[in-house]
Engineer: 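Supplied in structure tokens, the structure appears directly below.
A note on names: the letters A, B, ... follow the listed sequences, proteins ahead of strands, and every chain is numbered from 1.
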Amino acid sequence: MKPSPFAYHAPTTLAETLDLLADLDDAKLLAGGQSLMPMMNFRYVAPEHLIDLNQVAGLDRIELGEKYVRLGAMVRQRSLLTHDALNACCPLFREALEWVGHIATRNRGTLGGSLSHLDPAAELPVVCMALNAEVEIASSEGQRTVQATQWPVAYMLPNIDEHELLIGIRFARPDTSFGARTGMAFSEFARRHGDFALAAVAIVVALDDDDTVTHASVALGGVDDVPLRLSAAEELLIGRRADAGVVTTAARAALELPGFEDVHASATYRRKVAMTLLERTLSTALMRARESQT
Amino acid sequence: MNQTWDVTVSVNGAPVQATVPVRQSLADFLRHTLELTGTHVGCEHGVCGACTVLLDGRSVRSCLTLAVQANGHSITTIEGLAGDAELGPLQQAFMDQHALQCGFCTPGMLATLTEFLREHPAPTEHEVRLAISGNLCRCTGYENIVRAALQAAPALYASGTQGGVPGASE
């Protein structure tokens, strides 16, 4: 099908974009268009105004600082996947993006689009939660930040007002902020390659010289209405030497999740997939932490 | 309310000026306005890959791209893949390996593989299968398409022309 009629706006500056957002009612923001355009073609969504972000200057930067990484909202999934320096300090992006869609959808799809669409099984929100990222939001009134862990409010509903714009994310470089012995891993299970995950797991762990866990982020997607952090598993890990028994116990925390049911899988099945995936991914992250140089 | 927008697009190397309805997809612009019907429209929601074309050398779904978004960019369709030749090396390989039956998915397959083989001049079979995972084919079972891609890879690399398609800019 074809989209309903709309008024098209193609701002070239952030200020112009924020003014349009402030002035227009019933406006949708067009980023990569890999979710919004299908919804408009189906007429699930029929906005009066479409604000195209593709020509807005400065939203597509990847900035690697000594302590922080900043990624603009319009950074394409392809760029996150292929950026060597970014993946040298944070391999979660490459590992996650290999699961996201296909070449042609990653060429267009963006970081900000994935975060804003907030499909419960999407990979990038899970990665941002594991990294303790801050989401940067701008409006004509000013700027604010939201912790990635506070970003999902409810099913496909991010913590942002309709007159605000997600402009990027910022996170502490895992390799410098948690010490040298940091390990990261991402994995997921999907029915077919490129589909949304039945369960997806992103892990960041750090060890001290005695192999005791000093930091653990365990983020999960696909098992609930929103991506989430599994604090029960994190609490089990921190302060312990993470042997196989501890990993198995921590992974069992996934069985306590509500889980959700759809045509692809039952809630019980999702919880079990999440547990197995968590055990494997956590083991990989811990192994990488142990192998990194002290 | 049917807003229009003036666009200038390079299509298969030739400049095109047109006034497009802002809600028109790039696929419909190519097919209906420019009568380049080699680009096929299957699902219209980004799943089947039949409408895949190259935008500045990168594969995109033309059903999920608005015609107005092509303003100032260059588009390559199946009609432009071989340049002045009758068939490019990839197209010839599709013919040699019987990589199509009905042909509906073929333009999208060729666009996807043109970009992929430019960046992976010596791919493994597994990499080829991943590359075409976003393009559905209901005839071939993919086997012959994979063979064709593997056959074409050295030829494309050697010719250095990528089938006449200009390289992508980052």
Engineer: Measure the spacing between SG of B:C63 and NZ of A:K2 and express it to the nearest 0.5 Å.
Structural biologist: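 It comes to 9.0 Å.
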
Engineer: Heavy-atom pairs under 4.5 Å with chain B - which of A:N41, A:N107, A:D52 has more of them than the others?
Structural biologist: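 Ranked by contacts with chain B, first place is A:N107.
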
Engineer: Show your reasoning for whether side-chain contact (heavy atoms from CB on, under 4.5 Å) applies to B:H45 and A:M39.
Structural biologist: CA-CA 8 Å; B:H45 65 284; A:M39 290 165 82; over 6 Å; no

Engineer: Heavy atoms only, distances under 4.5 angstrom: which of B:G49, B:S59, B:G46 has the most pairs with chain A? Name it, please.
Structural biologist: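 Between B:G49, B:S59, B:G46, the count favours B:S59.
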
Engineer: Does A:R43 have more than 12 heavy atoms from other residues, nucleotides or ligands lying within 6.0 Å of its CZ?
Structural biologist: yes

Engineer: Side chains of A:R78 and B:R58, heavy atoms from C-beta outward: is any pair under 4.5 Å?
Structural biologist: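 They are in contact (side-chain heavy atoms under 4.5 Å apart), so the answer is yes.
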
Engineer: Please report the interatomic distance CD1(A:I103) to CD(B:E119), rounded to the nearest 0.5 Å.
Structural biologist: 7.5 Å

Engineer: Using non-hydrogen atoms only, which part of A:S4 is less than 4.5 Å away from chain B: side chain, backbone, both, or neither?
Structural biologist: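 When you check distances to chain B, only backbone atoms of A:S4 fall under 4.5 Å.
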
Engineer: Counting only heavy atoms not in B:M95 (residues, nucleotides, ligands), do more than 12 fall under 6.0 Å from its CE?
Structural biologist: no

Engineer: Count the heavy atoms of every other residue, nucleotide or ligand shown that sit under 6.0 Å from CZ of A:R94, and state whether that count exceeds 12.
Structural biologist: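 Yes, CZ of A:R94 has more than 12 neighbouring heavy atoms, counting only those of other groups under 6.0 Å.
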
Engineer: Does A:R108 reach the side chain of B:L64, with side-chain heavy atoms less than 4.5 Å apart?
Structural biologist: no

Engineer: Contact part of B:L66 toward chain A, heavy-atom cut-off under 4.5 Å: side chain, backbone, both or neither?
Structural biologist: side chain

Engineer: Is chain A contacted by the side chain of B:S133, its backbone, both, or neither, given a heavy-atom distance below 4.5 Å?
Structural biologist: both

Engineer: Would you say the side-chain atoms of B:Q3 pair up with the backbone N or O of A:Y8, donor to acceptor, closer than 3.5 Å?
Structural biologist: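 Yes; judged by distance alone, with no hydrogens or angles, the pair exists.
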
Engineer: Less than 4.5 Å to any heavy atom of chain B: does that hold for the side chain of A:L50, its backbone, both, or neither?
Structural biologist: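 Contact with chain B is through the side chain of A:L50 alone.
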
Engineer: Does B:N135 reach the side chain of A:H102, with side-chain heavy atoms less than 4.5 Å apart?
Structural biologist: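 Side chain of B:N135 against side chain of A:H102, heavy atoms only: no contact under 4.5 Å found.
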
